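In this text the structure is predicted, and so the values were computed from the model without any measurement. Whatever order the structure lists ligands and atoms in, that order sets their numbers, starting from 1.
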Amino acid sequence: MSKLMLSLGKRAFIAGVADDNGYGWAIAKALSAAGAEILVGTWVPALNIFETSLRRGKFDESRMLPDGSLMEISKVYPLDAVYDSMEDVPEDVKTNKRYAGHSNWTVKGVVESVKQDFGTIDILVHSLANGPEVSKPILETSRNGYLAAISASSYSFVSLLKHFIPIMNPGGATISLTYIAAEKIIPGYGGGMSSAKAALESDTRVLAFEAGRTKNIRVNTISAGPLRSRAAKAIGFIDMMIDYSSENAPLQKELASDEVGNVAAFLASPLASAITGSVVYVDNGLNAMGAGVDSPAFKDLDIPRAAKKSDIERV
Ligand SMILES: NC(=O)c1ccc[n+]([C@@H]2O[C@H](COP(=O)([O-])OP(=O)(O)OC[C@H]3O[C@@H](n4cnc5c(N)ncnc54)[C@H](O)[C@@H]3O)[C@@H](O)[C@H]2O)c1
């Protein structure tokens, strides 16, 4: 991604980075490589270990950008995106020792801090999700579990955008991460997480209209294929989904987080100036399949497959 596209003083806030394995990190790197300044919002309970690892150089290898320089993160903000302001925070969270010592970590608090520190931003990335009952089928999901999934994974984006809009420069862009389970049945992605992703995709369209009309801000979401991130490993079936994709997708390679990062940088750039309200698939084409071709039912059909491993390795 050429520096020219984003280098004109663009600043990005990426919510949902707590290690170097997830999509948020890859998006931060791609935006940084394209010349954007990077601010990060990290879930409060994960903040200390993330900052310590950063400071001790644990991520230095994965901070490396294509030109050999290291991604710089101008500031890491503590964030818990399920709370809009301190009035919403229950007492047990306020007094929880993992939150003690941190301040301004509600959505409102973070936006106020960013405003004080930097004035404005141009790019908002939402790369976070949480569903406490994700491993339960939806029929066994409690009301609280379902609502918690929606709160952390969908409303958190509405709230971030609502609070950031006043300090977003016109012409800015926002990107979130969704999953095919929003629109097709993915057994095992439970706890209301499929519902949360469906809400996120619907909100992408409505928010594109509202933010586009009021402030010329674009709102898109990337429907990403499976990645072995910390959150995905917690769901428990990520290896199976990666195998399923390489058996069935048009492109038989494992998806790299950088491939999603690069599309996010494109969507945030002026090259995508007419794209808003879109779900953009970055999944090796798996979404386009109407059948799982690894099914025994297809055994007699001559399906083209990568002949040798080198054919499916990333180019
Ligand atoms: N990994 C996949 O296979 C996959 C596929 C499609 C979409 N996605 C989406 O990509 C996004 C990023 O997830 P990832 O898989 O890269 O995992 P990840 O673990 O890197 O990112 C999830 C982040 O959300 C943060 N988080 C959770 N609750 C939070 C809260 N209340 N406030 C602030 N931060 C909170 C976590 O600390 C973590 O940093 C999510 O929206 C996820 O649903 C992932």
Side-chain angles (χ1 to χ4, degrees), residues 13-29 40-50 53 59 62 76-84 88-89 93 98-99 102 105-107 109-110 125-132 134 148-157 159-160 175-184 186 188-189 191-201 204 221-245 254-261 263-264 279-284 286-287:
F13 182 90
I14 298 129
V17 180
D19 58 38
D20 60 349
N21 292 320
Y23 282 132
W25 178 269
I27 293 171
K29 273 180 76 175
V40 153
T42 300
W43 193 39
V44 188
L47 182 73
N48 284 345
I49 183 154
F50 178 61
S53 305
F59 301 137
S62 47
V76 178
Y77 290 88
L79 168 69
D80 194 324
V82 302
Y83 303 113
D84 298 329
D88 304 329
V89 183
V93 175
R98 297 194 297 176
Y99 286 72
H102 300 295
W105 43 260
T106 63
V107 173
V110 167
V125 177
H126 176 280
S127 183
L128 65 97
N130 194 14
V134 65
I150 299 267
S151 172
S153 315
S154 326
Y155 190 77
S156 54
F157 177 60
S159 178
L160 278 164
I175 292 139
S176 65
L177 274 302
T178 184
Y179 184 48
I180 189 71
E183 47 181 308
K184 299 278 164 62
I186 303 289
Y189 194 74
M193 278 306 299
S194 55
S195 327
K197 291 302 189 190
L200 185 66
E201 292 187 11
T204 297
T221 188
I222 294 176
S223 185
L227 172 76
R228 220 175 267 105
S229 64
R230 182 189 292 221
K233 280 194 273 191
I235 301 174
F237 70 152
I238 189 64
D239 290 323
M240 193 179 88
M241 295 315 287
I242 291 172
D243 288 348
Y244 181 85
S245 181
E254 189 165 331
L255 184 68
S257 60
D258 294 355
E259 295 176 288
V260 168
V263 174
V279 178
V280 178
Y281 298 93
V282 186
D283 65 349
N284 285 324
L286 187 62
N287 73 91

For [atom], closest protein heavy-atom neighbour:
atom	value
atom 16 (O) of ligand 1	Y23 N, 2.8 Å
atom 25 (C) of ligand 1	L128 CB, 3.9 Å
atom 30 (C) of ligand 1	W43 CD1, 3.2 Å
atom 32 (N) of ligand 1	A81 N, 2.9 Å
atom 17 (O) of ligand 1	S229 OG, 3.1 Å

Mark yes or no for whether [X], through its side chain, and [Y], through its backbone, hold a donor-acceptor pair below 3.5 Å.
X	Y	answer
S159	Y155	no
E259	A256	yes
T204	L200	yes

Which of the listed options, [options], holds the heavy atom that is closest to [atom]?
atom	options	result
atom 23 (C) of ligand 1	A18, S127, G22	S127
atom 27 (C) of ligand 1	A129, G41, P78, A152	A129
atom 31 (N) of ligand 1	T106, D19, D80, I242	D80

For this session: Look at E183 together with K197 and state whether they make a salt bridge at an N to O cut-off of under 4.0 Å.
Result: no
Problem set entry | Aromatic plane relationship, W105 with Y83 - under 30° parallel, 30 to 60° tilted, over 60° perpendicular | perpendicular
Exercise. Which of parallel (below 30°), tilted (30 to 60°) and perpendicular (above 60°) describes W25 and F50?
Worked result: perpendicular
Using a 4.0 Å cutoff against the non-hydrogen atoms of [X], which atoms of ligand 1 qualify?
X	result
A232	1 (N)
A224	5 (C), 6 (C)
L177	9 (C), 10 (O), 11 (C), 41 (O)
P226	3 (O)
A231	17 (O), 18 (P), 19 (O)
L79	32 (N), 33 (C)
L227	1 (N), 2 (C), 3 (O)
K197	40 (C), 41 (O), 42 (C), 43 (O)

[X] vs [Y] side-chain heavy atoms within contact, under 4.5 Å:
X	Y	result
L227	Y23	yes
L47	H102	yes
L177	T221	no

For this session: Taking all heavy atoms of P132 and all of A149, pick out the closest pair and write down the distance.
Result: CD-N, 4.3 Å
Problem set entry | Shortest non-hydrogen contact from S223 toward V279 | CB-CG1, 3.8 Å
For this session: Report yes if some N/O of N130 lies less than 3.5 Å from some N/O of ligand 1; otherwise report no.
Result: no
Exercise. For ligand 1, is there an N or O atom under 3.5 Å from any N or O atom of T178?
Worked result: no
Against ligand 1, does [X] come closer than 4.0 Å with any heavy atom?
X	result
N21	no
G225	yes
I238	yes

